[in-house]
Amino acid sequence: MTDSNTSKDFIGTTAFGYFKKLSVLPSGTEVAEISLMAGEDKGGKTRYLNGSFIVSDKTEGLRGAERQLKEAQAAKADAAVLVVVQVKDLHGEPSKAKKSDALYVNYRGLLQSVRVHTKKS
């Protein structure tokens, strides 16, 4: 068994998601907020994993997706762009809401690539 803190073999995933925002933390780290599609609930509605994924200078396709997001948000402020992402070291961090006792999970990882998904005609 490998120790996930020292292993070079991290869990990676490829998923569809909605790219919602790109921001810079006070530390200077760039973070992409993406809601990953995670199957369906019992009622048939899509489930989402909301995550803040670290962006590096090696993240492929980010600037093109960012451009598309800005164009979409110019027309509608809360717009998001459908993307396909690759995330390395995907993991959840349990959190508690500040104003209630609600518990939730924030997902984290290193964003390796992002590309805008276009429907084939």
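The analysis underlying the following values was restricted to heavy atoms, covering all of them including side chains, and did not include hydrogens, waters or symmetry mates. Residue numbers count from 1 along this sequence.
- A heavy-atom distance below 4.5 Å is found between the side chains of Ile34 and Val85.
- One finds the CD atom of Gln86 at 9.0 Å from the CG atom of Leu111 (value rounded to the nearest 0.5 Å).
- Checking Glu40 against Thr46 by side-chain atom types alone, no donor-acceptor pair falls below 3.5 Å.
- Taking 4.5 Å as the limit, every side-chain heavy atom of Leu82 sits out of range of all side-chain heavy atoms of Val116.
- Taken from OG1 in Thr13 to CG in Leu49, the straight-line distance is 9.0 Å, to the nearest 0.5 Å.
- Across all their heavy atoms, Val105 and Gly92 have their closest contact at CG1-CA, 3.6 Å.
- Atom CD1 of residue Ile54 and atom CD of residue Gln112 lie 12.5 Å apart, to the nearest 0.5 angstrom.
- Contact record, Ser27 with Thr29: OG-OG1, 3.1 Å, taken as the closest heavy-atom pair.
- Between Glu30 and Ser23, every side-chain heavy-atom pair lies at or beyond the 4.5 Å cut-off.
- Atom-to-atom distance recorded for Asp78:CG and Lys21:NZ is 12.5 Å, nearest 0.5 angstrom.
- The shortest distance between side-chain heavy atoms of Ser56 and Leu110 falls below 4.5 Å.
- Interatomic distance, OH of Tyr104 versus CD of Glu93, reported as 10.5 Å (0.5 Å rounding).
- Under the side-chain hydrogen bond (donor to acceptor under 3.5 Å, both in side chains) criterion, the residue pairs touching residues 65-75 are Arg63-Glu66, with sequence neighbours excluded.
- Distance OG/Ser52 to CG/Leu25: 8.0 Å, rounded to 0.5 Å.
- For residues 14-67, every residue pair satisfying the ring pair (Phe, Tyr, Trp, His ring centres under 6.0 Å) rule, not counting sequence neighbours, is listed here: Phe16-His117.
- Here the closest non-hydrogen pair linking Ala79 and Ala72 is CB-O, 3.6 Å.
- Inter-residue side-chain proximity for Lys20 and Asn50 is flagged as met; some heavy-atom pair is nearer than 4.5 Å.
- Criterion: ILVMFWY side-chain heavy atoms under 4.5 Å apart, direct or through other members. Under it, Leu36 and Leu22 are part of a common hydrophobic cluster.
- Considering only heavy atoms from C-beta on, Val55 comes within 4.5 Å of Leu62 through its side chain.
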